[in-house]
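Have a look at the structure below, then the notes.
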Amino acid sequence: MSEQILCVVGTRPEGIKMAPVILALRNEPDINLVTVSTGQHREMLNQVLDFFGVKVDEDLGLMQPNQTLADFTARSLQALDKVMDERKPKIVVAQGDTTTVATAALAAFYRQIPFAHVEAGLRTHDLRNPFPEELNRVIAGKLADLHFPPTQRAADVLRAEGVADDRIVLAGNTVIDALLQAVAKKPSLPFPLPPNKRVVLVTLHRRESFGPSVQAVCNAVQRLVDRFPDIHVVWPVHLNPNVREPVQKAFAGSTTVQLCEPLAYNHFVATMNQSHLILTDSGGVQEEAPALGKPVLVLREVTERPEAVDHGVVALVGTDEEKIVNLATTLLSDEKAYAAMARGVSPYGDGKAAERIVVSLRRKLGLSARTDVSPLKIGATT
Ligand code: UD1
Ligand code: UDP
């Protein structure tokens with residue numbers, strides 16, 4: 001009888017980062033894979049699953065407009081529990097730090113099903129930053145039987161928390177697998193960009209930024225387009241109404257700040273590649289942009305991804321209007337400062353994370369490896 005792995009996804013970044021794992025597992029003839037979506041995101045998840053050609057076996061369709069954390073947590077836990085009861089998988093796999101992953105880990109724990117955590121061991125050690133993701137990742141890590149940290153630092157964090165060596169597999173981040181797959185398909189821009197202008201790409205969505213911080217970022221962006229007539233801002237606006245409403249209000253009718261709907265992954269990758277500078281609070285973009293040689297100003301006070309900051313290719317700027325304007329101004333006007341950050345350093349993986357994860361999941365199921373995969377080389381690749 002073939003073995004059953006249940007992969008759970010819910011939001012856009014999980015769709016992107018689990019796609020390489022799901023596609024690789026689909027190629028294993030002796031593994032019966034079931035992919036379940038909580039539907040924490042609807043349009044934004046479907047957009048990325050479509051791009052990668054990932055078919056979901058069961059879509060729980062749980063998203064509601066402007067859902068609260070407690071409500072979504074309760075509904076997701078109950079719905080996933082039912083799926084796990086019916087499907088009785090041998091392993092549950094989920095990625096990251098969303099409510100979907102925390103509830104998948106908890107539902108698996110209650111059913112005493114081993115849980116494997118992709119992108120394990122990232123920490124700020126501040127439960128309110130990122131909120132509520134730090135707690136979600138700690139919950140998933142506490143309950144996991146198998147941990148796939150993307151970097152040596154994340155593996156060390158898990159060891160320091162008492163996780164045994166034989167439960168930790170240094171895999172690299174599957175986002176680099178996804179990015180390389182997208183780049184190989186020669187992605188195209190979603191729309192023509194103005195010639196002779198430097199593109200500044202902006203994304204924003206974190207809960208800790210709602211309210212005054214969103215406004216401060218909008219003010220900073222407006223001051224930058226006023227100061228630099230040769231820049232053009234592209235801002236794919238997240239569907240969360242807490243971001244969408246203030247951002248649309250700030251830039252309605254603007255020709256220098258181009259708002260657009262969330263972009264399909266190939267279009268977003270092409271836009272990143274065409275950008276001069278990226279301003280974002282996104283986790284995934286912080287990992288992808290350095291691999292493309294694009295400097296990033298992180299619109300957050302702390303990050304659980306310090307590796308690229310340590311390499312000097314990502315800078316933590318926070319959401320203070322003055323600080324954003326000052327640092328962006330330096331990068332937009334000082335060629336040396338810009339060149340120092342635009343170096344194409346990739347500390348998050350080598351594109352083989354999903355292969356390592358599959359080998360390890362096979363071992364966990366008692367199946368022998370079908371292919372060899374080299375260990376992740378520690379340090380950044382360029
Ligand atoms: C969620 C995750 C966050 C992750 C982010 C990725 C939690 C608590 N938050 O934040 O960790 O970084 O996704 O983008 O797990 N919406 C739509 N359509 C969509 C997606 C969202 O309309 O396809 C709207 C809905 O009104 C929804 C709201 O956005 O209720 C918030 O979605 P939710 O998943 O709760 O939070 P995000 O801010 O998207
Ligand atoms: N992304 C995308 N289209 C967009 C904006 C982002 O495909 O319009 C991708 C981006 O390349 C990255 C991921 O979405 O891989 C990041 O998602 P998000 O910022 O929503 O979540 P986070 O990574 O912060 O959890």
Side-chain angles (χ1 to χ4, degrees), residues 9-20 37-52 61-73 75-76 94-104 119 122 130-137 139-140 173-179 181-183 187 190 201-210 214 234-245 259-273 275 278-289 291-292 294 296 298-300 303-305 348:
V9 294
T11 65
R12 168 170 69 190
E14 293 161 73
I16 293 166
K17 291 174 171 180
M18 282 298 285
S37 166
T38 59
Q40 176 172 344
H41 282 177
R42 188 173 300 144
E43 303 85 343
M44 285 164 58
L45 176 65
N46 293 339
Q47 197 177 31
V48 294
L49 295 180
D50 286 351
F51 170 72
F52 285 102
L62 297 178
M63 194 196 88
Q64 288 180 358
N66 215 357
Q67 58 210 4
T68 66
L69 293 174
D71 172 60
F72 186 80
T73 300
R75 290 186 294 111
S76 181
Q95 179 281 331
D97 59 4
T98 66
T99 302
T100 290
V101 71
T103 51
E119 200 186 68
L122 279 64
F131 175 83
E133 290 83 2
E134 178 78 0
L135 178 65
N136 286 341
R137 206 186 294 269
I139 291 171
N173 199 311
T174 55
V175 80
I176 302 299
D177 304 26
L179 180 68
Q181 286 175 22
V183 168
L201 178 63
V202 183
T203 79
L204 193 73
H205 73 80
R206 306 224 79 89
R207 272 178 162 75
E208 60 271 24
S209 299
F210 293 171
V214 173
V234 176
W235 188 331
V237 187
H238 197 283
L239 294 183
N240 191 322
N242 298 288
V243 177
R244 205 165 177 80
E245 283 161 20
L259 304 185
C260 61
E261 294 301 317
L263 297 175
Y265 189 57
N266 55 329
H267 291 324
F268 189 77
V269 168
T271 309
M272 276 197 289
N273 222 359
S275 297
I278 300 177
L279 272 56
T280 189
D281 65 0
S282 164
V285 176
Q286 278 178 69
E287 295 156 342
E288 295 160 337
L292 297 172
K294 304 298 174 180
V296 177
V298 177
L299 305 170
R300 292 173 52 181
T303 182
E304 65 280 40
R305 296 169 170 87
Y348 296 112

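First listed ligand is number 1; within each ligand, the first listed atom is number 1.
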Original post:
Any non-hydrogen atom of Glu261 lying under 4.0 Å from ligand 2?
Top reply: no
Original post:
Relative to the heavy atoms of Pro65, which atoms of ligand 1 are at a distance of less than 4.0 Å?
Top reply: 26 (O), 30 (O)
**OP:** Using distance alone, determine whether His238 and ligand 2 share an N or O pair under 3.5 Å.
**Re:** no
Subject >> Protein heavy atom at shortest distance from atom 11 (O) of ligand 1 >> reply: Glu133 OE2, 2.5 Å
Subject >> N or O pair under 3.5 Å between Lys17 and ligand 2 >> reply: no
Subject >> Check: Thr174/Gln95 side-chain N/O donor and acceptor closer than 3.5 Å >> reply: no
Subject >> Proximal atoms of ligand 1 relative to Leu69 (non-hydrogen, under 4.0 Å) >> reply: 8 (C)
Subject >> Interfacing atoms of ligand 1 (cut-off 4.0 Å, heavy-atom, Arg206) >> reply: 11 (O), 12 (O)
Original post:
For atom 24 (O) of ligand 2, which of Gly283, Ala264, Gly284, Ala178 has the closest heavy atom?
Top reply: Gly283
Subject >> Those atoms of ligand 1 less than 4.0 Å from some heavy atom in Thr99 >> reply: 7 (C), 8 (C), 15 (O)
Original post:
Is any side-chain heavy atom of Glu287 less than 4.5 Å from a side-chain heavy atom of Glu119?
Top reply: yes
Original post:
Can you tell me if Thr280 and Thr203 form a side-chain donor-acceptor pair at under 3.5 Å?
Top reply: yes
**OP:** Take the angle between the ring planes of His238 and His41 and call it parallel below 30°, perpendicular above 60°, tilted in between.
**Re:** perpendicular
